[in-house]
Asker: 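What follows is a single structure, and I will ask about it in a moment.
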Number of protein chains: 2
Amino acid sequence: MDKKIKRERSSATKTHILSILEEKKQALAHKDIQLLLDNSVDRVTIYRALDRLVDEGKIHKVTGMEGIVQYAICHNCNKEEHHHNHIHFHCVQCETISCIENVEPKFKLPDGYTVENVQCMVSGVCKNCNSL
Amino acid sequence: MDKKIKRERSSATKTHILSILEEKKQALAHKDIQLLLDNSVDRVTIYRALDRLVDEGKIHKVTGMEGIVQYAICHNCNKEEHHHNHIHFHCVQCETISCIENVEPKFKLPDGYTVENVQCMVSGVCKNCNSL
DNA sequence: GTTTATGCAAATTCTTTGCAATACT
DNA sequence: AGTATTGCAAAGAATTTGCATAAAC
């Protein structure tokens, strides 16, 4: 029940994953990351590195429309506070998921409900694909 | 690539699943449904019945915060048109997911984006639990 | 009688766990 | 030295596929 006191440590896998996510500027699934790592890193190692990055507030999990789990860079988070109420956009043409930073959905629930967290997935055609 | 021409047919499993979902008034996972069917129906049969019900526009899939797939009754859908832009509410106390009908999230995406579909998961405490 | 639904076995995919070896600080 | 990371093997959960039998229309 007690929190594991784990010091953050750099690791080849974590660094590499982060730079991939930075470069692609979109959410990627475990599978994609493994491929982009040239299959040179063990599946399990990738799972664990992703978990640690999530714990450290560096990336966050996004579950796509079809239930596929993906990971994206966190821009406004740290280990203590997470802010993922922004919209995730799934482009049906280029099949990518990306974060629309600074756009939060507004809504009014019926009386009696208390809101803690919001996850919003919007699908459609992204800026890039629309301008082709 | 061609659509399977399947006539809709009644079946014990489909009917039973529908009445369970109607009665519970919340989204249920495959697992829950199997249990509520007293484990008397084969896992695979349930998966297939759920798929068919989704195709027929009778129920829709909801993927919860933690990636658990659940199914809920459709109130405004048919085989041709689906309207699931309403909010799905996940209560962290009673651990249920339910549809908040008629509440759609509003947001404004940057120029260039075209919206086709919206899926919004809100977690918090539901009306029932808040009034206890 | 033709098509769809069911049950069983088996295969796939995704994810997690245990453990020994290695790397980081 | 002490703790976190890695790789491998193996287990576990969720979902899908194939095929023969049963049921619906």
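Numbered from 1 within each chain, the chains take letters A, B, ... in sequence-line order.
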Asker: Taking atom CZ of A/Arg48 and atom OG1 of A/Thr13, what is their separation to the nearest 0.5 Å?
Answerer: 10.5 Å
Asker: If you take any heavy atom closer than 4.0 Å to DNA chain C, which residues from residues 56-65 of chain B end up in contact?
Answerer: none
Asker: Grab the two heavy atoms, one from A/Cys129 and one from A/Cys91, that are nearest each other, plus how far apart they are.
Answerer: SG-SG, 3.7 Å
Asker: Quick check: does any side chain N or O of B/Gln26 sit under 3.5 Å from a backbone N or O of B/Thr96, one acting as donor and the other as acceptor?
Answerer: no
Asker: State whether the side chain of B/Asn85 and the backbone N or O of B/Glu104 hold a donor-acceptor pair below 3.5 Å, judged by distance alone.
Answerer: no
Asker: What is the distance from CD1 of B/Ile17 to C1' of C/dA5, rounded to the nearest Å?
Answerer: 12 Å
Asker: Grab the two heavy atoms, one from B/Thr63 and one from B/Met121, that are nearest each other, plus how far apart they are.
Answerer: O-CG, 3.8 Å
Asker: Using atom CD of B/Glu66 as one end and atom P of C/dT15 as the other, report the distance to the nearest whole Å.
Answerer: 14 Å
Asker: Look at B/Thr13 and C/dT6 and indicate whether a side-chain polar atom (N or O) is within less than 4.0 Å of OP1 or OP2.
Answerer: yes
Asker: Return no unless some side-chain N or O of B/Thr45 is found under 4.0 Å from OP1 or OP2 of C/dA5.
Answerer: no
Asker: Is a donor on one side and an acceptor on the other found under 3.5 Å between the side chain of B/Asn130 and the backbone of B/Lys127?
Answerer: no
Asker: Between atom CG of A/Asp32 and atom NZ of A/Lys24, what is the distance when rounded to the nearest 0.5 Å?
Answerer: 9.5 Å
Asker: Whole angstroms only, please: what is the CG-C1' distance between A/Asn39 and D/dG7?
Answerer: 15 Å
Asker: Taking CD from A/Gln34 and P from D/dT6, how many angstroms apart are they, rounded to a whole number?
Answerer: 14 Å
Asker: Which nucleotide sits closest to the side chain of A/Val69: C/dG7, D/dT6, C/dT15?
Answerer: C/dT15
Asker: Calculate the interatomic distance between A/Lys14 atom NZ and D/dT6 atom P; express it in whole Å.
Answerer: 8 Å
Asker: Within this structure, what is the CZ-to-P distance between B/Arg52 and D/dT16, rounded to whole angstrom?
Answerer: 13 Å
Asker: Please check this pair: side chain of A/His30 against backbone of A/Arg43, looking for a donor-acceptor N/O pair closer than 3.5 Å.
Answerer: yes
Asker: Please tell me which of the listed nucleotides, C/dT15, D/dT15, C/dC8, lies nearest to the side chain of A/Arg43?
Answerer: C/dT15
Asker: B/Lys61 side chain to A/Met65 main-chain N or O, any donor-acceptor pair under 3.5 Å?
Answerer: no
Asker: Whole angstrom is fine here: how far is it from CG in A/Asp42 over to P in C/dG18?
Answerer: 17 Å
Asker: Tell me, for nucleotides 17-25 of chain D in 5' to 3' order, what letter each nucleotide earns: B for a base near a protein heavy atom under 4.0 Å, S for only sugar-phosphate near one, - for neither?
Answerer: BB----BBS
Asker: Checking B/Asp38 side chain against B/Ser40 main chain: does a donor-acceptor pair fall under 3.5 Å?
Answerer: no
Asker: Do you know the tightest heavy-atom contact between A/Cys74 and A/Ile59?
Answerer: SG-C, 3.2 Å
Asker: Using a cut-off of less than 4.0 Å, is there contact between a side-chain N or O of B/Tyr47 and OP1 or OP2 of D/dT15?
Answerer: yes
Asker: Can you give me the bend angle of the helix from C/dG1-D/dC25 to C/dT25-D/dA1? Use the axis through the first five pairs and the one through the last five, nearest 10 degrees.
Answerer: 40°
Asker: Please report the distance, rounded to the nearest Å, between CG in B/Leu35 and P in D/dA14.
Answerer: 13 Å
Asker: Taking all non-hydrogen atoms of both residues, which atom of B/Cys120 and which atom of A/Cys120 are closest, and how far apart?
Answerer: SG-SG, 3.7 Å
